[in-house]
Every structure is written in C-alpha cells, then in structure tokens.
Amino acid sequence: MSDERLHTNLLGIAMQTPVLTASGTFGFGEEFADFVDLSRLGGVMVKGTTLLPRRGNDGVRITETPKGMLNCIGLENPGVEHFLKETLPRIQQYGMNVIVNISGSTAEDYGKLAGLLDVPGVAAIELNVSCPNVKEGGIVFGTDPEAASAVVRAAKAHTKKPVILKLSPNVTDIVAMAKAVEAAGADAVSLINTLLGMEIDIHRFRPVLGNITGGLSGPCVKPVAVRMVWQVAQAVHIPIIGMGGIASAEDAVEFFLAGASAVAVGTANFTDPEITMKICDGLTDYLAENGFSSIEEIVGKANPGFLGFPKDVQKG
Amino acid sequence: MSDERLHTNLLGIAMQTPVLTASGTFGFGEEFADFVDLSRLGGVMVKGTTLLPRRGNDGVRITETPKGMLNCIGLENPGVEHFLKETLPRIQQYGMNVIVNISGSTAEDYGKLAGLLDVPGVAAIELNVSCPNVKEGGIVFGTDPEAASAVVRAAKAHTKKPVILKLSPNVTDIVAMAKAVEAAGADAVSLINTLLGMEIDIHRFRPVLGNITGGLSGPCVKPVAVRMVWQVAQAVHIPIIGMGGIASAEDAVEFFLAGASAVAVGTANFTDPEITMKICDGLTDYLAENGFSSIEEIVGKANPGFLGFPKDVQKG
Amino acid sequence: MTLPNQPKKIVRDAKVLAQQELATDVFFLVVEAPEIARLARAGQFVQLRILSGDFTLRRPVGVAAVDEKKGSIAFIYRVVGRGTKALSELMPGEIVNVLGPLGHGFAMQYEHPLIVGGGMGLSPLLYYAAAMQGKADVLMGGKTAEELFWKNLFDDLCGQCFLTTDDGSLGTKGFTTTVLPEILEKGDYDVVVTCGPEIMMRGVAKIAKEHGIPCEVSLEKRMACGLGACLSCSIDTTDGQRKKVCKDGPVFPAEEVFA
Amino acid sequence: MTLPNQPKKIVRDAKVLAQQELATDVFFLVVEAPEIARLARAGQFVQLRILSGDFTLRRPVGVAAVDEKKGSIAFIYRVVGRGTKALSELMPGEIVNVLGPLGHGFAMQYEHPLIVGGGMGLSPLLYYAAAMQGKADVLMGGKTAEELFWKNLFDDLCGQCFLTTDDGSLGTKGFTTTVLPEILEKGDYDVVVTCGPEIMMRGVAKIAKEHGIPCEVSLEKRMACGLGACLSCSIDTTDGQRKKVCKDGPVFPAEEVFA
Ligand SMILES: Cc1cc2nc3c(=O)[nH]c(=O)nc-3n(C[C@H](O)[C@H](O)[C@H](O)COP(=O)(O)OP(=O)(O)OC[C@H]3O[C@@H](n4cnc5c(N)ncnc54)[C@H](O)[C@@H]3O)c2cc1C
Ligand SMILES: Cc1cc2nc3c(=O)[nH]c(=O)nc-3n(C[C@H](O)[C@H](O)[C@H](O)COP(=O)(O)OP(=O)(O)OC[C@H]3O[C@@H](n4cnc5c(N)ncnc54)[C@H](O)[C@@H]3O)c2cc1C
Ligand SMILES: Cc1cc2nc3c(=O)[nH]c(=O)nc-3n(C[C@H](O)[C@H](O)[C@H](O)COP(=O)(O)O)c2cc1C
Ligand SMILES: Cc1cc2nc3c(=O)[nH]c(=O)nc-3n(C[C@H](O)[C@H](O)[C@H](O)COP(=O)(O)O)c2cc1C
Ligand code: FES
Ligand code: FES
C-alpha cells in the first residue's frame with residue numbers, strides 16, 4: 001500500500017503518515033516491531049520519562065470499562081539517563097521518529113529533561129502536564145494555564161526541538177489552556193490525555209485500582225476528545241495532534257476534520273497490535289475515495305472556525 | 001419481589017427504592033407506565049422545565065457513540081405553566097415522587113420557577129445549571145461556583161421544597177462546585193450531568209448534531225461519574241444522588257459504595273424501558289446476598305473519606 | 001398501583017423465525033411476537049434492541065407484515081450501518097428484543113387509497129396494502145428495475161401497480177411524481193398514503209393537495225426512547241409547534257408537517 | 001526497513017476447533033493456530049481477543065496443550081467474568097483472535113521435575129507435563145474431589161500423581177503444602193515448578209527452598225498489551241526492582257519474586 005497521500009511534515013519532522021502512537025501505550029515502539037512497520041508511523045511518543053527512575057503505583061494498574069479502560073501505571077520508568085544510554089541507541093535502528101514524553105514535579109524538571117533530551121535521535125519533546133496518576137503537582141500543571149505556561153517556557157529555554165504540550169481534558173476550559181501554552185511558545189498541542197475516573201469492586205467494597213483513581217481512555221472518550229480538538233482548533237494557530245479513543249481510520253478522520261494535523265493511537269494498540277497499520281491503510285482509502293490527494297486537504301475541513309497555522313509550521 | 005430492604009427516606013421524601021430516573025430520559029414518567037411501576041421508583045426527575053416554552057434545537061438531536069450517546073435536545077418543553085396546569089395533575093395518579101428539573105437564564109429565573117413549583121405534588125426541585133445544549137448562561141452557572149451558589153440561593157428563597165443542585169462534570173474541580181452549593185444551602189447534589197462531546201460525519205464533512213456539540217451519557221461515562229461521586233462524598237455533608245451510565249444493579253452499587261444515597265438512571269431507559277425495575281430487583285438481591293438489611297448500610301462503604309450527613313437529613 | 005389502562009406497548013425477546021436477503025443489502029426478517037402481532041396496526045413501528053454488539057440505542061423499523069395466526073411480525077430493512085449489519089447476521093432461532101407497537105399508523109377508513117412509495121418507505125406500506133385487502137393501488141419508484149423487487153411483494157395485495165424508474169429500465173422513466181398527476185386524474189382515489197425519501201413525499205403531498213385528495217405521510221427521525229419521552233425525534237409542524245415522530249407519528253396528515 | 005529479526009509473535013484469527021466443558025464453568029478450548037503451535041513453549045501464554053461483545057482488552061490464558069501436527073493449541077479456562085463467559089459461548093467454526101506466544105516459559109533442562117498446581121494454575125502445567133514426556137511427577141490440590149478432574153488429564157503425562165483435597169474427599173486431606181515436604185524428601189526431584197493461587201505458590205517455594213531444590217513459579221497480573229509495553233503487569237522483585245509479568249515472566253525463579 002503506497003502512503004503517498006499520507007506523507008506529511010509536522011513541526012519540521014517528515015512523517016510517512018500522520019498516524020503516531022500515544023505515550024504509555026506503545027512502550028518504546030520496539031515491543032510492537034513484530035506487528036508494525038515502525039518507520040511507517042508518523043512517530044512513536046515513547047513512555048513518559050522522568051529525571052529519576054520511578055516505580056509507578058502498586059496494586060492493580062488497569063481495569064476494563066465500557067468501551068474503554070482505566071489505568072494508573074503512575075509513570076513507572078527507568079529515568080532519563082537510562083533512556084539516553086540504553087533505550088534511545090537501541091530503538092534508533094527502526095528508523096522511526098522518536099518523540100519523548102516527559103513529566104516533572106517542577107517547571108525546572110521539565111527544563112532539565114528538555115535539555116538532556118536535546119540530542120540527535122529525538123524528534124520532539126512532548127510535555128505531559130496532565131498525568132492524573134502522579135501526586136506531586138502533575139494535575140496542577142495540567143489544569144492551571146499559568147503553571148502549564150511555565151512548564152512550556154522552561155522546556156523551550158533548554159531545547160531546540162519542537163515542544164508539544166499535552167493537554168488534560170479534566171478542565172473547565174480547554175481553550176484557555178491551549179491559548180496559554182501557545183502564548184508561552186509551545187510549537188504544538190496534543191490532546192487529550194486521559195479523563196480521571198474510577199471503578200469500585202462491589203464484592204470487596206473498595207476501589208479496583210491500586211491508586212483508587214485512574215485515567216480513562218479508549219473509544220468511550222472519543223466524543224469528548226473530538227469536541228476538544230474542535231474547540232482548540234478554533235482558538236490556536238499551532239498544529240494539533242489529536243488522540244483519545246481512535247480505533248479505526250474513520251475515527252481518525254473525525255479528528256482530522258475537526259482540525260488535527262496528526263493523530264495518535266493509544267488504547268487501541270492493546271485491542272489489536274496491528275491497528276496503526278490498518279488505520280494508515282484506511283486513511284489512504286478514505287482520501288482516495290473522496291478525491292483528496294493529501295491529508296492536509298481534510299485538516300479542519302468540517303470546522304468552519306478552524307484557524308489553521310502558518311504553512312511553514314507544517315512544512316517545517 | 002419485596003422492596004423492604006430498599007425503602008429509604010431522602011430529604012424527607014419516602015422512597016420505595018433509591019432508584020430514580022434522570023431528567024430528560026424518562027419524560028414525565030407516564031410514557032413508561034406500560035413498563036415500570038412508577039410508584040416503585042424513588043422518584044421521577046421530570047424533563048427540564050423553563051419559565052417559557054422552549055423549542056429546543058433543530059436538526060439531528062442524538063447520535064450513538066461507543067457505549068453511549070450524545071444528545072442536544074436543548075430543553076424543549078412547554079413551559080412551567082403548562083406543566084402545572086396540564087402535566088402535573090395528570091401524572092399525580094401514578095403515585096410517584098415528582099422531582100422537577102428546572103433551568104433558567106438568570107438566578108431570578110430559578111427563583112421564579114422554584115416559587116411557582118412550590119405546590120403540592122412536587123416532591124423536590126432539581127436545579128439544572130449544567131445543560132450544555134443551551135447558550136444563554138447555562139454553562140456558566142454550571143462551571144462557576146459563585147454563579148451556581150447564586151442559583152441555589154434564589155431557589156431556596158422561593159420554595160420550602162428540598163432543592164437539589166445538579167452538577168456538571170465539565171469542570172476542573174467538582175469538589176469546589178459541590179462545596180460552594182452546599183454552603184449556599186443546597187439540600188442535596190445530583191451528579192453527573194452529561195459530558196460535552198461531539199461527533200463528525202466523515203462523509204458530509206460536518207458535525208452530526210444540529211447543535212454541533214451535545215451531552216455524552218451512557219455506560220461510557222460511568223467511570224467519570226463514580227469518581228466524581230467519590231470525591232464529592234468526601235467533601236460535603238449533604239446527600240448525593242448519583243447518576244451517569246447506570247445500566248445494571250452492579251453499576252448502581254458502585255455509586256452507593258462511593259457515597260451516593262440514591263441513584264438515577266438515564267440513558268439505560270432507552271436501551272431497556274424496564275431497566276429500573278430490574279435494577280431494583282438486583283439491588284435487593286445484592287443486599288440480601290451480602291447480608292445487608294438496608295441500602296443505607298452500603299452508602300459510602302467503599303469510601304474511607306465519606307463524610308455522611310446528619311441522620312435527620314436522610315430521615316426527613 | 002394498577003396501571004390506568006391495559007398495556008398497549010410490549011417489550012419482549014423475540015425469536016427470529018426467518019431472515020432472507022431480498023436484494024443486495026435488503027433483508028426480510030420474521031420474528032415471533034404474538035402480542036405485538038395482535039396489536040400492531042399498519043404504519044406503526046417497533047424499536048429493535050440488537051443484543052449482539054452492545055448497542056446503547058434501539059433501532060426503529062416499520063412493521064412490514066403481520067401474521068396473527070403464527071404470532072409473527074416481519075420487517076424489511078436495508079443494511080446502512082452498524083446496527084442493521086448486526087441485525088442482518090441474526091440466524092433463525094436467535095433472539096432480538098422488540099419494543100412495540102409504537103406510534104400511530106395510517107388511517108384505515110378509506111375505500112380506495114393510492115399508495116406511493118420509494119425505497120425502504122415501501123416496507124410499512126406493504127402492511128398497509130395487506131390491511132386494505134386489495135382496495136389500494138400502488139405507485140412505486142426506484143432508481144433501477146433491480147430496486148423494484150418490491151413489485152412481487154405488492155402484486156397480490158394491490159389492485160393496480162404503477163412503476164417508475166429513474167433510468168426507465170422498468171415502468172415509466174422518471175419519478176413517482178412524474179406520473180402521479182395523471183394517475184390521480186384517472187383514478188378515483190380518496191386518499192394518498194406515502195412513505196419514502198422526504199423530497200418524494202413533499203412532491204407527492206403537493207400533488208395530492210392540488211387534486212384535493214387527503215394525503216398521509218410517514219416520517220423518520222433518529223429516535224432514542226420511541227415512547228415520546230426524550231424528544232429526540234421532534235419535528236416542526238406547520239402551525240409552528242413541535243411534534244414527536246415516535247408518538248404523534250410516524251404517520252401525519254401531510255398538511256400538518258409539510259407547508 | 002526490514003525487521004531486525006524474524007517475527008516471534010503472531011497475531012491472527014483462529015478458528016475454534018473444539019470447545020468442551022470439563023467441569024462446572026471450566027472449559028477446554030482448541031483453536032487452529034499453526035504458527036503459534038510451532039512456536040509456543042510450555043509456560044507461555046496468549047492474549048485472546050474475543051470478537052463478540054466489544055472488548056477493549058484481550059484476555060490472557062496459558063497454553064495448555066499444543067498439537068503441532070494438527071496446527072492447534074488448547075486452553076483450559078474458568079468462566080469468571082464477562083470475557084471468559086463470551087469465550088465459553090464460542091462454537092466450533094467461530095473465530096477468536098490470538099496474539100502469541102507471549103512471555104517466557106518454564107526451564108526445560110531438568111530431568112525429574114515435580115509439578116505442583118492448584119486450580120486453573122494446572123492448565124499451563126499440563127503443557128509442561130506433556131513437554132517433559134513422562135519425566136515429571138505432579139502434585140495437585142483442590143477443594144473437593146470434583147475439582148480434581150485434572151487428574152485424568154495428567155495421568156498419562158506424568159509418572160506419579162499426588163492428590164490433596166481440603167475436605168479429604170480425594171487423596172490426602174489438606175493442602176499441597178501439607179504433603180509437599182514428605183514428597184520432596186522421598187523423591188529425587190531436581191526442580192519444582194508451580195502455578196496456582198499465590199498463597200500456595202509462596203508456600204511451595206518456601207518448602208522447595210528449605211529442601212534446596214530450585215523452584216519456578218508462574219504469576220498472574222492484569223494485562224493490557226502483553227508485549228512489555230504498557231507496564232500494567234509490573235510486579236516487585238526481591239531485589240527491589242520491577243519486572244513485567246508478560247515479558248519477563250510469567251514464569252520466574254521463585255527467589256526472584258518471593259522474598
Ligand atoms: C419510525 C422509523 C421507521 C423505520 N423503518 C425502517 C424500515 O422499515 N426499514 C429500514 O430499512 N429502515 C427503517 N428506518 C430507518 C432505520 O431505523 C435506520 O436505517 C437504522 O436505525 C440505521 O441503523 P444502523 O445502526 O444500521 O445505522 P447507523 O448509521 O450506524 O446508526 C447510528 C444511529 O443513527 C440512527 N439512524 C441512522 N439512520 C437513521 C434513519 N434513517 N432514521 C432513523 N434513525 C437513523 C440509528 O438508529 C442509530 O441510532 C426507520 C426509521 C424510523 C425512525
Ligand atoms: C499470564 C496469564 C495466564 C492466565 N492463564 C489462565 C488460564 O490458563 N486459565 C484461566 O482460567 N485463567 C487464566 N488467567 C486468568 C484469566 O486471564 C482471567 O480469568 C480472565 O482474564 C478474566 O476475564 P473475564 O473477562 O472473564 O473476567 P473480568 O473480571 O470481567 O475481567 C475484567 C478484567 O480483569 C482482568 N482480569 C480479571 N481476572 C484476572 C486474573 N486473574 N488475571 C489477569 N487478569 C484478570 C481481565 O483480563 C479483564 O481485563 C491467566 C492470567 C494471566 C495473567
Ligand atoms: C496504559 C496507559 C499509559 C499511559 N501513559 C501515559 C504517559 O506515560 N504519558 C502520557 O502523556 N500519556 C499517557 N497515557 C495517555 C495516552 O497517551 C493517551 O493520551 C490516552 O490514552 C488517550 O488516547 P487513547 O484513548 O487512544 O488511549 C497513557 C494511557 C494508557 C492507556
Ligand atoms: C436525551 C437526554 C436528555 C436530557 N435532558 C436533561 C434535562 O433536561 N435536564 C437535566 O438536568 N439533565 C438532562 N439529561 C442528563 C441526564 O439527566 C443525566 O444526568 C445524564 O444523561 C447521565 O446519566 P445517564 O448516563 O444514565 O444517562 C439528559 C440526558 C439525555 C440522554
Ligand atoms: S424517540 Fe424519544 S420522544 Fe421520540
Ligand atoms: S501487559 Fe503491558 S507490559 Fe505487561
């Protein structure tokens with residue numbers, strides 16, 4: 001299957017397709033190498049990385065919900081040094097765009113991480129300010145426009161890589177958040193992270209998850225994600241990477257039509273490890289059947305208020 | 001099936017069961033009389049009522065989503081006068097608790113409505129400050145603690161009936177909202193209203209719903225609803241009516257264990273018009289199997305931080 | 001308390017008795033539902049809960065035929081999406097949950113109705129034709145001859161059968177509205193009942209009005225409850241009000257809904 | 001680019017060849033999956049995607065038997081929830097999607113293993129017993145005689161078969177750990193491999209250690225990817241680190257995971 005129609009360029013990164021994988025759901029890419037041509041992805045947003053190693057949460061970490069799942073992994077990871085020394089060199093061989101998702105407890109943490117990751121082989125940095133499973137500060141960065149802006153500024157000050165701010169859906173006003181981080185210099189936004197939820201074990205009279213609450217993802221959240229992409233696309237002039245519940249090419253098209261320039265697939269990788277390849281195939285078919293020659297032609301097409309962005313942002 | 005274990009008393013209202021029906025999904029109750037013993041319900045929260053008749057939104061008003069639906073009915077209703085003159089006398093015969101869900105554009109609207117509805121045959125007033133499908137003000141009352149409090153005060157000033165404030169999930173801090181309306185004098189809170197979402201028709205390149213966005217409901221939202229009930233139960237001393245995605249007795253139990261004193265069933269009535277009766281049956285079984293003699297015994301049972309409330313609130 | 005009236009609407013699991021593909025993607029489904037078979041009038045519909053596949057909403061389909069003796073009802077539907085796809089995969093012996101009969105049917109007091117139908121709109125009209133016991137004639141339109149597999153179904157139930165196709169491959173070339181004036185002029189119809197694409201029904205209603213003949217139209221709108229409770233299916237009426245397709249319709253006097 | 005290694009994990013639709021209820025709520029399922037049958041080692045598992053019912057997550061099950069000639073693999077599972085219920089309703093000819101083989105299996109270099117299993121833990125051990133070609137003995141425990149339907153399955157594959165039941169209705173009254181010390185003293189086992197309730201495995205591991213015999217345990221934890229990518233299945237190791245059950249296990253040397 002030729003991907004010609006799907007070639008795109010986002011933030012200066014040449015992408016064979018506009019289909020990425022969402023952080024935390026696809027490891028470092030290599031785990032899926034038996035099922036996915038990693039270089040065909042627009043990029044792999046690798047597992048959330050922190051300055052120091054983290055053990056994550058104890059107890060039950062996931063549970064299935066109606067058309068979705070809750071997770072409270074809690075950012076388990078071996079730390080940025082290990083990533084740079086061990087992981088990054090190893091995954092280079094797959095020829096994929098590596099986008100590193102980072103989390104910190106302070107704006108300075110983000111600055112340091114961004115600096116450390118300003119190395120060849122890293123295509124961009126994604127700032128996770130919205131992980132609901134981490135106590136110290138995570139949720140505040142994600143829900144306060146000022147705090148999120150500080151994180152963006154700290155990261156931008158320490159790297160030349162494109163900086164993507166990942167927005168939390170657990171806010172009253174997603175547009176205010178997006179505008180704030182745009183003003184602070186974010187090169188793009190990705191949305192949505194997970195919705196905060198929980199499940200209770202009615203036989204044991206206690207929450208199912210070790211961390212009590214967790215992040216809701218999967219098809220169930222798609223309507224919320226599409227709405228937020230739609231709203232943000234009417235408010236900012238930077239590209240949007242849309243995600244939340246994408247499990248088919250049709251789902252992905254909804255995000256493009258709402259105004260996303262690229263999409264990321266998360267939970268659906270668990271249902272079907274080959275899903276990203278099927279989505280690429282389906283997108284090509286959709287574009288061909290509807291007479292479009294590039295994905296750019298459908299970005300924001302259903303959204304009359306879509307602002308778009310200076311062409312050089314997209315073209316790099 | 002005897003409902004002994006399910007008898008409860010909430011806000012001074014004797015309820016045969018703690019299972020109510022959610023506003024907008026069950027009409028005025030009478031539409032379901034072929035399928036449901038209406039007097040067995042804890043109450044029917046009738047369709048949102050406004051001062052003047054409203055036509056609601058044009059175009060497509062609903063669409064199915066993964067394990068849920070979006071609606072943008074837009075509060076179509078014949079107005080409070082019609083309700084008082086035509087509807088209320090007619091539905092009295094079913095011997096059910098009628099809880100009137102009201103919406104206004106200003107705090108005064110809510111005051112006027114509450115006053116007009118301070119009549120026999122109305123068991124309680126539910127303030128809908130969170131309908132996402134109405135432009136003028138609705139969304140602001142629902143997301144601003146101050147505005148919501150003003151609505152509560154206006155209603156309380158004009159009625160002796162219990163006043164229930166219905167919380168919107170589309171907020172950063174549901175706890176702040178709940179505390180504010182408690183302080184303003186709300187006798188109870190109900191939650192959650194719908195999450196704001198949308199869907200795009202990928203063949204016509206436009207939103208599916210006539211109103212562009214709509215409210216997401218059904219099983220897909222349950223994890224978010226349970227989480228919010230859990231959080232609010234740790235923060236307020238007034239009873240909670242829990243709702244959002246309840247489609248089985250097991251689902252209902254999650255809400256009780258989280259801290260809800262009663263539950264309401266919405267979208268599931270569309271899937272199965274008899275569902276409320278099945279939920280009552282299932283709750284009785286659950287209580288019996290686990291050795292509980294009343295629903296009160298499981299309220300908040302899984303929630304170590306559950307505050308509870310003065311017994312006279314529950315006992316009336 | 002006792003209910004004020006005998007229940008008129010039933011919800012029950014119904015066994016699939018037969019499922020047959022009539023034309024590409026068009027299926028004929030017969031289910032066992034004796035109470036509904038007894039109650040259902042021509043023009044009414046049911047809400048099907050398709051149990052495979054976790055649907056939140058039911059799917060509305062018109063009643064196409066009733067066999068009171070066998071206690072069965074039949075539907076004719078086109079596969080257009082997820083729900084109808086799953087429905088088409090049901091095998092005899094499997095279960096579908098049926099809620100009905102819903103809404104109001106066609107008026108039955110007429111002596112010589114002309115039925116005008118297009119596409120899946122012909123399905124509820126089939127039951128109407130049967131209920132009229134030969135008193136009705138039918139005019140049906142389709143894109144091609146292939147789409148008019150309906151003819152065989154109506155042939156035994158109606159007096160005359162007029163056909164149009166967009167491409168002229170069967171009957172008159174054109175639309176139902178092309179030949180309708182002439183048919184109304186020649187015949188002595190006392191009512192026109194129509195169901196099909198809205199644009200067709202509007203045209204039919206206009207022509208009927210010009211000929212001074214009452215016209216009944218059967219509408220569609222997306223539904224959740226099917227019971228008049230949720231207001232998903234509200235439509236505008238000509239007097240500036242709203243009505244519910246599920247409860248006040250799906251059959252309406254044309255002048256009530258088409259200006 | 002070309003992948004660096006030949007793929008070792010497969011995902012494919014597999015036809016159900018047989019499904020049989022072995023005991024109340026315990027099913028034996030055989031599916032056609034030739035590549036996986038060729039690759040799967042004892043102790044490995046697969047992730048099943050149950051296509052009826054819209055599941056978001058796959059369900060992990062151990063490989064209970066392999067028939068390379070027929071190209072089939074078998075599972076034994078208990079119905080405990082929504083997923084296993086749907087799985088148990090599959091009929092021969094229907095499809096389930098299989099991802100595997102996953103994880104690491106039992107070490108195969110031993111000459112005289114003692115298998116200790118309880119409940120559904122006996123399922124992957126069945127494959128291990130078969131792979132050991134008669135060299136292993138088995139000790140199995142259950143609540144009642146009824147739960148030890150497993151005996152028939154292991155009888156042909158193992159040398160000796162020791163049984164315990166909580167109520168004494170079959171074999172020795174007590175737990176596997178009641179009789180294990182004696183069995184280890186009498187026999188000359190060079191490894192103990194165990195799978196079952198964690199409390200049992202901890203007891204077994206402790207006794208094996210006391211007898212200076214290496215012990216391998218097979219763990220369970222809820223899984224999403226099954227590929228080592230999502231960290232749903234992290235567990236604590238005795239050296240204070242984390243490992244992934246799906247990738248580093250499910251089989252671990254006992255001392256690595258039980259203090
Ligand atoms: C009163 C009434 C009677 C009907 N009778 C028939 C009939 O006899 N034969 C037949 O083939 N079709 C009939 N339809 C249309 C039929 O209901 C839809 O084709 C069907 O619901 C589509 O479901 P789906 O899951 O396959 O499609 P999807 O597009 O996947 O459905 C998604 C949602 O949209 C709704 N929807 C989609 N199209 C329609 C539509 N045209 N009308 C109403 N809701 C829609 C569905 O109910 C569902 O909620 C009738 C509709 C109504 C309102
Ligand atoms: C590596 C491994 C091998 C297994 N092998 C077998 C086997 O051979 N035979 C067998 O009967 N069972 C086995 N299990 C347990 C089996 O996976 C669960 O019983 C099954 O997933 C329950 O699914 P459900 O939908 O019926 O239950 P539900 O409770 O409805 O499942 C809800 C969620 O919880 C997860 N879950 C529930 N219980 C377990 C559990 N014990 N372990 C892991 N996840 C769980 C499910 O995967 C699902 O995501 C194994 C588990 C693992 C991790
Ligand atoms: C198991 C799991 C782990 C996740 N870990 C991270 C993470 O480390 N950093 C992050 O920014 N988002 C993380 N996410 C959120 C996803 O990247 C994504 O934003 C979200 O799941 C919505 O997309 P989906 O519905 O396609 O899964 C995680 C999600 C899941 C399900
Ligand atoms: C069709 C529809 C109409 C609704 N109308 C109202 C309304 O008028 N007033 C209101 O407060 N909530 C309204 N709601 C929200 C429900 O009362 C309920 O809060 C929500 O649907 C979540 O519950 P559920 O998932 O069980 O449906 C409506 C919901 C639906 C689906
Ligand atoms: S479908 Fe609910 S009112 Fe018509
Ligand atoms: S299940 Fe994903 S890492 Fe083990």
Side-chain angles (χ1 to χ4, degrees), chain A residues 63 65-70 132 139 142-144 168-173 177 195-207 212-216 218-231 245 247 249-258 286 290 298 301-304, chain B residues 63 65-70 139 142-144 168-174 177 195-207 212-216 218-231 245 247 249-258 286 290 298 301-304:
Chain A
T63 187
T65 65
K67 272 305 213 182
M69 65 178 286
L70 289 163
I139 201 77
T143 56
D144 178 48
S168 165
N170 301 297
V171 296
T172 307
D173 189 350
M177 290 294 304
L195 277 163
L196 193 61
M198 76 180 289
E199 188 177 69
I200 293 177
D201 184 331
I202 66 166
H203 301 296
R204 301 179 184 198
F205 312 113
R206 66 177 194 214
I212 300 178
T213 58
L216 184 67
C220 58
V221 308
K222 194 190 63 174
V224 174
V226 173
R227 183 264 296 182
M228 288 186 166
V229 168
W230 173 278
Q231 291 178 323
E250 289 74 21
D251 294 339
V253 171
E254 282 194 70
F255 284 83
F256 290 117
L257 293 176
Y286 175 86
N290 290 278
I298 68 165
K301 194 176 165 57
N303 191 344
Chain B
T63 186
T65 66
K67 272 304 215 183
M69 65 178 287
L70 289 163
I139 202 76
T143 55
D144 177 48
S168 165
N170 301 299
V171 296
T172 306
D173 189 350
I174 192 80
M177 291 294 303
L195 278 162
L196 193 61
M198 76 181 287
E199 189 178 68
I200 293 176
D201 184 330
I202 66 165
H203 301 294
R204 300 179 185 197
F205 313 112
R206 65 176 192 214
I212 300 179
T213 60
L216 184 65
C220 56
V221 308
K222 195 190 62 173
V224 174
V226 172
R227 183 264 294 183
M228 288 188 166
V229 168
W230 172 279
Q231 291 178 322
E250 288 74 22
D251 294 341
V253 170
E254 282 195 68
F255 284 83
F256 290 117
L257 293 176
Y286 175 85
N290 289 279
I298 67 165
K301 195 175 166 57
N303 192 343

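Below, read A as the first sequence line, B as the second, and so on, with proteins coming before strands; counting in each chain starts at 1. What you see is a predicted model, and the numbers here were worked out from it, not measured in a lab.
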Under 3.5 Å, is there a donor-acceptor pair between the side chain of Thr172(A) and the main chain of Thr172(B)?
-> yes
Name the region of Phe255(B), side chain, backbone, both or neither, that has any atom closer than 4.5 Å to a heavy atom of chain A.
-> neither
Output the option from Val224(A), Val171(A), Leu216(A), Ile200(A) having the highest count of non-hydrogen pairs under 4.5 Å with chain B.
-> Ile200(A)
Greatest number of heavy atom pairs closer than 4.5 Å to chain B - which of Arg227(A), Arg206(A), His203(A), Lys301(A) | Arg227(A)
Which atoms form the tightest heavy-atom contact between Glu254(A) and Lys222(A), and what is the distance?
-> OE2-NZ, 2.8 Å
Which pair of heavy atoms, one from Pro223(B) and one from Pro219(B), lies closest together, and at what distance?
-> CD-O, 3.9 Å
Would you mind reporting whether Leu195(B) and Asn170(B) have side-chain heavy atoms less than 4.5 Å apart?
-> yes
Could you tell me which portion of Asn290(B) (side chain, backbone, both or neither) has an atom closer than 4.5 angstrom to a non-hydrogen atom of chain A?
-> side chain
Considering only heavy atoms, which portion of Ile212(B) lies under 4.5 Å from any heavy atom of chain A: side chain, backbone, both, or neither?
-> side chain
Kindly assign one of parallel, tilted or perpendicular to the pair Phe205(B) and Tyr286(A), based on the angle between their ring planes and the thresholds 30° and 60°.
-> perpendicular
Considering only heavy atoms, which portion of Ile202(B) lies under 4.5 Å from any heavy atom of chain A: side chain, backbone, both, or neither?
-> both
